[in-house]
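To start, the structure under review is shown below, and the notes come after it.
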Amino acid sequence: MTAARTITFTLNGAPVTADVKPHHNLIEMLQGEFGLTGARESCGQGLCGCCSVVVNGRAVSGCLYLAQFVDGADVVTVESLDTREKLSPVQQAFIEASAFQCGYCTPGFIMMVTQLLDENPDPSDEEIKHYLTGNLCRCATYPEVIDAVKLAANKRKAVATA
Amino acid sequence: MAATLNPSDAKVGSQVGRSVPRLEGRDKVTGRAEYTHVMRLPGMVYAKLFRSTVAHGKIKSIDTSAAKKVPGVLHVVTVDDVMKVLKSPYYGPAFHDQPILAHEKVRFVGEPVAAVIATDPHIAEQAVQLITAEYEEMPAVFDEVEALTSDVFVHEQLKPAHTFADLKHLKDAKNTNVALSYNLRRGDFDKAFAAAEHQFEHEFKTQKVLHLSFEPFACICDFKDTHVTFYDSSQGPSFVRTEIARLLGWPENKVRIKVPYLGSGYGSKLYIKLEALALALAMIARKPVKVAHTFEEMFYQITRHPSTFRIKSGVDKNGKIVARKCEVYWNGGAYADIGPRVTQKSGLTAAGPYDIDNVWIDSHALYTNVTPSGALRGFGVPQLVWAYEGHTDMMARALKMDPVEFRRKNLAIEGRAHATGQILQDHPIEKVMDKVLERMEWSKPFDRGGNSHIKRGRGFAIANKAVISPTTSVAIVNVSADGSATLYCGTVDMGQGSDTAMAQMVAEVLNIPTEDVRVTPRDTDVTPYDMGTLGSRSLFHMGHAVRRAAEDARDKLKALAKEVGEPEGSNIPIAELFQKRYGMQAGNVIGSGIYKPDYTSPAPGTGQSPNVTPFWMLAGSGAEVEVDTETGHVKITKLITVVDCGKAINPKSVETQISGAALMHLGFTMFEKMHIDGGQVTNASLADYKIPGFHDLPTKLESLYVEHDQSNGPFGAKGVGEVATFCVGPALANAIDDACGVRIMEMPLNAETVYRALRAKMGKPLEDA
Ligand code: FES
Ligand code: FES
């Protein structure tokens with residue numbers, strides 16, 4: 001198999017380097033080189049959203065994104081959202097609204113909902129459904145996710161006005 | 001807050017009945033929860049599988065020479081290599097019929113034939129492409145009804161495991177595809193049917209669908225010559241341990257199964273799946289080996305049973321059902337897995353929640369040449385309800401009776417005998433029905449949509465299920481010297497929220513906050529036996545064991561207080577108690593609990609038993625739809641599901657179980673289907689096999705429960721993992737019939753099926769595609 005190449009990029013705010021082979025996707029690199037397992041591969045076809053990672057400010061499907069493409073890029077994963085003291089408003093809302101069961105899809109949802117609320121701080125039900133169409137949940141926690149998005153929107157407003 | 005021996009109740013408040021947020025919530029929303037599929041061990045190597053391309057055939061040769069030459073490939077393994085490390089390569093829960101790798105024959109497309117072990121999964125994958133095999137193809141059988149009389153036999157000889165007494169007679173049976181026939185006889189069906197005023201007969205079918213848990217199957221085996229450890233995405237670590245010990249001829253205590261959180265299972269990760277293969281490969285590689293499926297490979301592991309159900313009923317002039325005959329054929333696929341249990345345990349409820357004096361049930365498990373079938377959230381019951389609740393509606397229509405009133409007249413209520421002979425207790429079926437109807441506003445006038453091509457209709461369905469019995473659970477509660485409590489229980493939390501619910505029960509007994517209870521991850525070296533996380537049994541069975549373990553710990557703490565001279569009723573902090581007894585922060589108090597319900601096996605031939613199940617699950621669904629008669633498209637405007645949960649230990653978890661199960665079943669009902677052409681699955685990917693997403697949500701979705709104290713349940717509770725799946729399918733089919741007068745006998749109810757039915761009704765059928 002072809003040789004690895006060294007790439008340099010920013011991962012959750014810190015500069016990093018990694019040796020990656022041409023066929024490695026972003027998920028394999030994040031898991032294999034950095035031990036970050038929040039983004040995970042399920043369908044492998046860009047259809048379920050379990051592997052969502054933010055590259056240069058846009059969510060991408062890590063399963064279809066070749067690792068070498070992030071050379072020089074800014075990469076953000078779910079692991080960047082919390083601190084020891086605090087969860088992000090979206091994470092907190094997911095817990096309060098019980099918006100997951102097995103949790104396998106949850107990091108992907110959290111990344112997309114964070115991006116949704118950045119763009120649209122007060123989305124309607126229809127806007128939520130439309131924006132999250134690319135995220136599937138086999139446990140079908142869709143109604144609870146809609147509740148969580150609304151709860152998170154309120155939490156973010158409360159933080160903003162505090 | 002320090003735990004004390006006899007706190008006043010006001011301090012903690014009731015832990016049972018509280019919507020405690022999930023204990024593992026933080027790990028899940030931060031992406032830090034562990035799942036086997038993403039785990040790595042130091043020095044681990046990877047296996048990938050070469051699979052059969054024919055549905056049924058003798059293996060003439062397998063050529064692994066090119067694969068072996070790929071740099072990075074450590075071993076290329078066939079069954080001959082497996083048999084050098086494990087004498088018998090066959091495994092399974094009901095039959096020891098499934099080979100670790102195909103042995104002499106292949107029995108379905110996708111069956112594993114060879115495995116490549118390599119240092120990198122991509123290398124293993126690449127090497128798999130270089131393997132070739134030659135088969136002598138044999139005729140295959142795919143249909144469950146055909147399999148009963150076909151002269152194609154999937155297995156040369158049947159090999160029942162020793163686990164189930166009712167399979168013993170099948171040992172070494174030849175020239176048959178029947179892996180079990182279950183029979184129930186009550187009264188005299190033939191006579192009552194012949195004498196009945198009205199006679200009805202229908203045939204319903206269900207398609208092949210599958211679980212598709214987002215964490216695909218995964219297992220890592222770390223084999224040492226004296227003991228073996230598995231990291232396993234499994235719903236039943238105790239069973240895996242027993243079966244691996246059997247394959248090795250080892251005592252169970254040398255086999256350790258560790259199960260982190262599951263990216264769910266829905267029944268797919270029960271019994272034994274990849275573990276035997278991982279074991280053989282790790283023995284050969286002498287390194288930890290990971291076997292992890294891709295999404296596509298799940299289509300070749302396990303699915304739900306397709307079924308054919310012929311149902312006959314005789315109804316008297318007052319609208320009372322007097323006789324019912326059920327012939328159910330379960331398409332079990334190439335290996336039995338747990339199919340024979342589905343056939344029996346669900347078969348016994350095939351006549352539905354109705355009070356019928358003369359019942360005849362024949363339920364057959366059949367081998368066919370497709371991916372094996374097993375348990376999927378309902379253990380066969382959704383397939384049965386699909387038939388009997390469609391049948392009920394069709395009879396009501398023919399009799400010009402209101403479908404709800406027709407059911408009410410026939411429901412088996414508390415105190416009446418079930419078809420098995422068991423007297424129904426804690427069976428508040430009318431309460432469930434009334435709640436659905438109330439939320440549907442059934443008694444109000446219904447808007448049918450006037451003259452446009454959009455027709456509106458509504459439908460209802462109701463069902464019951466017997467929990468699988470008898471099964472055993474064991475739990476341990478460990479109180480440490482600082483007063484903190486740890487629960488060891490083998491129930492696998494795959495998303496249903498069992499860790500939290502079980503911790504609530506411990507907290508309730510010990511009078512401490514649930515959040516302070518630690519539930520250990522499952523590890524058979526420390527977690528005691530549990531039959532498996534299946535069939536909605538855990539909250540009831542393990543719940544009892546957990547409660548008993550906590551009570552045992554509490555009693556031992558009280559005894560300890562007495563021993564150190566505390567007065568009766570003392571509220572000494574638990575930590576001080578240990579301090580007093582051991583002179584420092586030291587020691588443990590260990591409580592344990594076991595639960596196994598009473599049970600009487602059904603009499604052979606008649607299926608009669610006074611005590612076939614410790615509790616009944618009850619569900620009802622109501623649906624409203626809009627059918628576009630120009631396209632066949634169905635819009636679900638309302639879906640209401642009500643279950644009886646006994647007592648909601650965690651109300652929020654109960655609601656999410658109901659809505660999750662109902663929506664999953666909406667997918668099975670409306671569009672999910674594995675397409676199989678000559679034994680070959682033609683839509684094995686998420687791109688080609690659609691599952692429910694946001695846009696499939698009904699306009700209005702309600703997921704509700706009634707609480708009827710389960711008198712023999714822990715805190716009055718019973719399981720709710722599957723119950724909401726039962727009625728969604730027939731409620732929707734009944735609603736479609738109500739809207740536009742077409743009756744669909746086989747799922748899925750997609751636009752094409754509905755449109756074809758509409759055209760057929762107009763006398764202008766479409767040609768077959
Ligand atoms: S795994 Fe990438 S979208 Fe499904
Ligand atoms: S919570 Fe299980 S897949 Fe979404």
Which region of [X], side chain (C-beta onward) or backbone (N, CA, C, O), has a non-hydrogen atom less than 4.5 Å from a non-hydrogen atom of chain B, or is it both or neither?
X: A/Gln31; answer: both
X: A/Ile110; answer: side chain
X: A/Cys139; answer: both
X: A/Asn135; answer: backbone
X: A/Ala93; answer: neither
X: A/Glu79; answer: both
X: A/Thr37; answer: both

Give the member of [options] that has the highest number of heavy-atom pairs under 4.5 Å with chain B.
options: A/Cys102, A/Ala140, A/Gly38; result: A/Cys102
options: A/Val90, A/Leu36, A/Val78; result: A/Val78
options: A/Ile95, A/Val145, A/Ile128; result: A/Ile95
options: A/His24, A/Gln92, A/Glu28; result: A/Glu28
options: A/Ala99, A/Gly32, A/Gly35, A/Gly44; result: A/Gly32

Closest-packed option against chain A by number of heavy-atom pairs under 4.5 Å, given [options]:
options: B/Leu663, B/Leu686, B/Thr294; value: B/Leu686
options: B/Pro692, B/Ser19, B/Pro216, B/Ser703; value: B/Pro692
options: B/Ser213, B/Ala33, B/Ser685; value: B/Ser685
options: B/Glu34, B/His211, B/Arg26; value: B/Arg26
options: B/Met298, B/Met39, B/Glu655, B/Gln657; value: B/Gln657

Inset, instruction - Tell me, with the steps shown, if A/Asp19 and A/Arg5 meet side chain to side chain contact (heavy atoms under 4.5 Å, CB included). - result: CA-CA 5 Å; A/Asp19 294 335; A/Arg5 181 160 79 89; over 6 Å; no

Legend entry - Derivation of the ring pair (Phe, Tyr, Trp, His ring centres under 6.0 Å) call for B/Phe694 and A/Tyr142: CA-CA 6 Å; B/Phe694 271 106; A/Tyr142 302 115; 4.7 Å; yes

Inset, instruction - Mind telling me whether B/Tyr689 and B/Phe299 have parallel, tilted or perpendicular rings, with 30° and 60° as the class edges? - result: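 Because their plane-to-plane angle is over 60°, the rings of B/Phe299 and B/Tyr689 count as perpendicular.
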
Taking the six-membered ring of [Y] as reference, does the cationic atom of [X] (NZ for Lys, CZ for Arg) lie under 6.0 Å from its centre and within 45° of its axis?
X: B/Arg304; Y: B/Phe668; answer: yes
X: A/Arg138; Y: A/Tyr104; answer: no
X: B/Lys690; Y: B/Phe671; answer: yes
X: B/Arg40; Y: B/Tyr46; answer: no

Inset, instruction - Flag yes if more than 12 heavy atoms outside A/Lys157 fall under 6.0 Å of its NZ atom; otherwise flag no. - result: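 Enclosed: over 12 neighbouring heavy atoms sit under 6.0 Å from NZ of A/Lys157.
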
Inset, instruction - Verify the neighbour count for atom CZ of A/Phe69: are there more than 12 heavy atoms of other residues, nucleotides or ligands below 6.0 Å? - result: no

Inset, instruction - Flag the pair A/Asp118 and A/Arg156 as a salt bridge only when some basic side-chain nitrogen lies within less than 4.0 angstrom of an acidic carboxylate oxygen. - result: yes

Legend entry - Donor on one side chain, acceptor on other, B/Lys269 and B/Ser233, under 3.5 Å: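 B/Lys269 vs B/Ser233: donor-acceptor pair found between side chains.
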
Inset, instruction - Please state whether the side chain, the backbone, both or neither of B/Phe214 comes within less than 4.5 Å of a heavy atom of chain A. - result: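 Contact with chain A is through both the backbone and side chain of B/Phe214.
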
